[in-house]
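Below: the structure, in structure tokens.
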Amino acid sequence: MCGIVGIVGGQKASSVMVDALKRLEYRGYDSAGVATLIDGAIHRRRAEGKLCNLVDKLKSDPLVGGLGIGHTRWATHGAPTECNAHPHEAGGVAVVHNGIIENFLSLREELQANGHKFETETDTEVVAHMASHLIKAGKTPREAVQEVLSKLEGAFALAMIFEGHEDLIIAARRGSPLAIGLGDGQSYLGSDAFALAPMTNKVIYLEDGDWVELNAQKVTVYDGQNKVVNRDVTITTASASLVDKGNHRHFMAKEIFEQPEVIAHTFGAYVDPINLSVSMSELPFDLKTVPKITIVACGTAFYSGLVAKYWFEQIARVP
């Protein structure tokens, strides 16, 4: 799954975010990127492939600024290229996103009808365009995000920064997890507390439907009805040797709730939702040449294997 990080109130946001992204590499990814605000303007660095490619790019072309958002991407909508890598930016709004925007195609067509030009094949880019469109119409970032969230369908976590607002990150979760870290004169966000462990052990786990405004001194959480709410601050034990289970009781529960997103990511590698087509060209082999498939598993994975056995034999006609 994609990984999200963010920081507001720091001195070297890009280096902090890269360290946090390294702690999210276990989630799997095919590109990475960061964005910061410099003198009120959004600046990005993105790279295809491993995180070391982004690190090399930052060495040759440093990115300053004390506020930023970062991302490791597992490609779903759009190929794993630098162009499709997050953060995406449109009209002074940059966004990182984990999950699937199910109605992005209709939103994209509506925005294109209003003159918006899209640069990527992703579902994420519509979020930046929608927010930018509303802000240019006179809404504040908070008002724009409220309206954008009301129009999105799917499961997602996202974070946004805004041109000219050097002390503001707005983030939201619906389905996909998101944790907020509380520091001394700094605020953080991450896909899990594991990413934030070197910076703080004080964490707020957003509940489903929550969204949040972060600045250096304050974190304000809103629920799905846009009402200010208090969420418990947890002292987390996440460390370099422990992957965090978030606000789930145990890891099995966490994995169960992650299943829809994981399935969507898996299918997303073969589905082109813009052209409404499916391509199996990415398979590393030709199924017609495979004489037999062996599935080795135990526990609940064994039962999944029995379902897969039925599919392979009845649909693909491979024993």
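Numbering of residues begins at 1 and proceeds along the displayed sequence. When reading the values below, keep in mind they use all heavy atoms of this one structure, side chains included, and skip hydrogens, waters and symmetry mates.
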Any donor-acceptor pair under 3.5 Å from [X] side chain to [Y] backbone:
X	Y	result
Glu125	Thr120	yes
Glu143	Thr140	yes
Asp232	Thr234	no
Thr36	Gly65	no
His71	His97	yes
Asn103	Glu153	yes
Ser132	His129	no
Ser187	Asn215	yes
Glu166	Gly40	yes

Checklist entry - Checking salt bridge (charged side-chain N to carboxylate O under 4.0 Å, His left out) for the pair Asp208/Arg174: CA distance, chi angles, key distance, verdict? => result CA-CA 5 Å; Asp208 202 38; Arg174 187 186 300 164; over 6 Å; no

Item to check | Positive for side chain to side chain contact (heavy atoms under 4.5 Å, CB included) with Leu189, one of Val219, Leu206, Val5, Ile4 | outcome: Ile4

Next on the checklist: Between Tyr222 and Glu213, do the side chains contain a donor N or O and an acceptor N or O under 3.5 Å apart?
Outcome noted: yes

Next on the checklist: Can a side-chain donor-acceptor contact be found between Asn226 and Trp211 if the only test is distance below 3.5 angstrom?
Outcome noted: yes

Verify the neighbour count for atom [atom1] of [X]: are there more than 12 heavy atoms of other residues, nucleotides or ligands below 6.0 Å?
X	atom1	value
Asp286	CG	yes
Asp39	CG	no
Arg142	CZ	no
Gln112	CD	yes

Item to check | Heavy-atom side-chain proximity of Val8 to Asp167 below 4.5 angstrom | outcome: yes

Checklist entry - Are Arg108 and Phe118 in a cation-pi setup, meaning NZ or CZ lies under 6.0 angstrom from the ring centre and within 45 degrees of the ring axis? => result yes

Item to check | Pi-cation contact, Tyr29 with Arg73 (under 6.0 Å, within 45°) | outcome: no

Item to check | Any residue meeting side chain to side chain contact (heavy atoms under 4.5 Å, CB included) with Ala301, in chain and number order, not counting sequence neighbours | outcome: Ala297

Would you list the atom pairs, donor with acceptor, under 3.5 Å between side chains in residues 49-59 and any protein atom, with sequence neighbours excluded?
unit_1: Asn53; atom_1: ND2; unit_2: Glu48; atom_2: O; d: 2.9
unit_1: Lys57; atom_1: NZ; unit_2: Arg46; atom_2: O; d: 2.7
unit_1: Lys57; atom_1: NZ; unit_2: Glu82; atom_2: OE1; d: 3.1
unit_1: Lys57; atom_1: NZ; unit_2: Glu82; atom_2: OE2; d: 3.1

Checklist entry - Any side-chain hydrogen bond (donor to acceptor under 3.5 Å, both in side chains) pairs touching residues 309-319, not counting sequence neighbours? => result Lys309-Glu313

Next on the checklist: Strictly below 4.0 Å, N to O, side chains only: are Asp61 and Arg45 in salt-bridge contact?
Outcome noted: yes

Checklist entry - Parallel, tilted or perpendicular: which fits the ring planes of His86 and His88, with parallel below 30° and perpendicular above 60°? => result tilted

